[in-house]
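Convention: sequence-line order gives letters A, B, ...; per-chain numbering from 1. As a basis for the values below, the full set of heavy atoms in this structure was taken, side chains included, without hydrogen atoms, waters or symmetry mates.
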Amino acid sequence: MGDIALRADHVSKVFGHSRVLDDVSFELRRGEVLCLAGENGCGKSTLIKILNGVHAPEAGAVFSFGDDTAIGHITPREARARGIHVIWQDLALFAHLSVAENIVFDDYVANPMRPLSYRAARQQAREVIERLGVQLDPDTRVEELSIARRQLVAIARVLRAGARIIFMDEPTASLTRNEVRTLLDLTRALSAQGISIVFVSHRLAEVLAVCQRVTVLRNGKLVGTYPTEGMTQARLSQLMTGQELNLVPRQTAPSGEPVLELRGLSRRGEFEDVSLTLNRGEILGLTGLLGAGRTELAHVVFGMTQPTAGEMRMHGKRLTLRSNRDAIRHGIAYVSEDRLNLGLVQSQSINMNTAVTVLGELEKPRGFLAPWRVRALTAEWIRRLGTKVSDAELAVSSLSGGNQQRVVIAKWLATKPEVLILDCPTVGVDIGAKAGIFEIIRQLADDGMAIILISDEAGEIWMNADRVIVLREGRVSQELTPADTTEESLEEIINA
Amino acid sequence: MRRLHLGTEGVLALIILGLGVVLSLTTENFLTVQNLFDLLNNQSVNMIFAAGLVVVLIAGGIDISFAVAASVVQYVVMTLLISIGGGNWLFGIALSMAIGTLLGLFNALLIYRFRIVSIIVTIATFNLYFGLLMVFTGGVSIYDVPDWLYYAVPLIDLPATRGSATLYLPVAVMAVISLATGFILTRTGFGRAIYGFGSSPEAARRSGVRVGLIHAFAYGWLGMCAGVAGLMQAHIVQEVVPNALIGQELPILAAVVLGGATLGGGRGSVTGALLGVLLLAVVQNGLNLLGVTPYAFRMIVGFIILAAITCSNLDKLLPQRAMAREARS
Ligand SMILES: Nc1ncnc2c1ncn2[C@@H]1O[C@H](COP(=O)(O)OP(=O)(O)OP(=O)(O)O)[C@@H](O)[C@H]1O
Ligand SMILES: [Mg+2]
């Protein structure tokens, strides 16, 4: 502890006309867990890329490594040689290869001509897996693993490559509660072995639980680095956003007439006998652990899969959905969980991605698509959701993760649906924007939209839902009203 | 899923055997050493092609220009050999390999430098090579091939029920090429990196895999195989007909896909590819024996390729299902 593992000063980065990082200093000590915190688009991922040599910083930066070297920028090769590794958000694994081969893959690249032994690979893989203290079969193909387990493979891989510094960019965004706990434990264990870890997460509770220090960025500028001891979530979010957020639970509005009713709805192997009623102007929280059938239920209501028993009714009339087009026609919209893959065309502009659901509307009445109407629509949603965009004509892929998510949400809100299903709408979205998104959701409900909010964050369900349905192993296990319970007891019910 | 994957080659072998048994019931003496040797002799050219093509498929690409490339090699090599007064086996094979590799590298260059999808590039080079060949040859065949190439080279001769069963040189060439390909793919880090690149190009790039080299090897190796296959085909039929090999690319693609390679990359094996060729050959043979029109075979080829395309899309959904299953358990 105490001595420096990596230090970078005067790091700036300009993309086109925007200064994404402005004279940022970064310091990582040996064996510590450091968090990088900040709102969407403040430059966290960019800083990580610079520290790993993916991007070159502007001139003037100085990197040092606790010895006498001081260099102006670092190449990817040099970063690897100094034991600096990243667990990318997409993990960068090879789905068709086995766990063992993924772990030793760097050998393949370093010594392409050396004849190889699968037995040795398996043995070496077993050794790192053991060092991680997890259960993983070296012979399984990575494509057969869950995201959480793939992440373990990625960690094993960088450990094997001799990592002394590991960057993890939003590693918990796609994990369930229990998986997050495992990962946090693992992070602590690694730091006890003297490995330094840089951790990015928008879930402040995690940040405070696992990190010793937190470096806060705002709009590309360094706000400061603080010990997490004695830090509160409120204080941290204030540092990140520069303003105080006061979150208030939703005042339950009197709900209107039923819009959507499910009667004994089942889909074999996924969920069973789910009955619920969704009223006009209501936010219905649907929660339960991942795998409890939440997303599967949403897929049926959105017409993407067919129920095997039971029925759906909309406005009292029986509803049969052959496809999601049917669902959209009936005024049902679904913001999917896997937004980055299913929700956006990465190479298309922000404008087109926002307008794609309402192109038909925008063409009326003259039957051609006026670019200014697309731009106006996008501008409106950028304003309402507070999306950080420099130019809406740029490809969506140029946005930071959290801002991409806002574009997906905007695209579905633009259809002005009667029933809106939001599947974990704030994963990877920063705290300020979360509040912004929920403000909009509440406003939509107040305007009469019926909303199903799927989430496993007890806090956001408790704050925003009028009614909560808890699923467990595909069945409704409880129905309750947030007003009658506390956030903590809801958390317990979900994780029970 | 796992059980199925492990068994692709085994399942193919079983099906081939099963078909053999069925065919020997309907037509007598199908399962004989003689027939097996004939099958290998007849299919060795296709198998050499397949061993090359599987590398490209594993790397996540596709190539449909290789059969035409083989024709170009045949023609160029034969013209050169005749002009220097004959040559010999060693020189002939080396020359075929060299020219074939060059034609393959040209594909790789276009794909890598200009970032064009491999199918588009190879459709273009297919037409380019074919057009050049026809323009320069005027469609005229070469009949007076050198003596060494003219006479069959028997390697193994076994006494059989009727006369004897003989294995010829092309089978040995096929075996050497297949072994070499298999060794590179499964026993060297470079080979595994090809699987890795086919499985996830982006991840491979970030791991420092040299993408240009992978492309160059995959298409160059297929080109080399095609060159050798071209020479062997000329040797077997004792002549060079400019358009003799055209139309072979799709059945071979289908065979390799049957053998477990996918159009998405990252999967496949040499053994699978070879068995795929044999299976298609047995099917074709069976259809002939049953008196079914040869067009039925094309139908089957088309069907396999369609199925392969559908499956490679299905495949993208499968991991998610597997994950959902795991999450629930
Ligand atoms: N290649 C690029 N070209 C242009 N702009 C870029 C590029 N990469 C990032 N940006 C911009 O730089 C800013 C910082 O992005 P970065 O990805 O570092 O944010 P982040 O802090 O990681 O946000 P998030 O929490 O949403 O992931 C964003 O405004 C983004 O749009
Ligand atoms: Mg980011």
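- For the salt bridge (charged side-chain N to carboxylate O under 4.0 Å, His left out) with A:D107, the qualifying choice from A:R160, A:R157, A:R114 is A:R160, the only one to do so.
- When all heavy atoms are compared, the tightest approach of B:S65 to B:T122 is CB-O, 3.6 Å.
- Here B:T188 is the residue among B:T188, B:V209, B:L213 with the most heavy-atom pairs under 4.5 Å with chain A.
- Within the structure, salt bridge (Lys or Arg N to Asp or Glu O under 4.0 Å) pairs that include any residue of residues 81-90 of chain A comprise A:D67-A:R82, A:D90-B:R206 (at least two apart or interchain).
- For A:R126, the side-chain contact (heavy atoms from CB on, under 4.5 Å) criterion is met by A:R122, A:Q123, A:P138, not counting sequence neighbours.
- Contact tally against chain A (heavy-atom pairs below 4.5 Å) for B:G198, B:G196, B:A193: the top residue is B:G196.
- With a 4.5 angstrom heavy-atom cutoff, A:L93 touches chain B only via backbone atoms.
- For the set A:E101, A:E473, A:R80, A:M113, the entry with the most heavy-atom pairs within less than 4.5 Å of chain B is A:E101.
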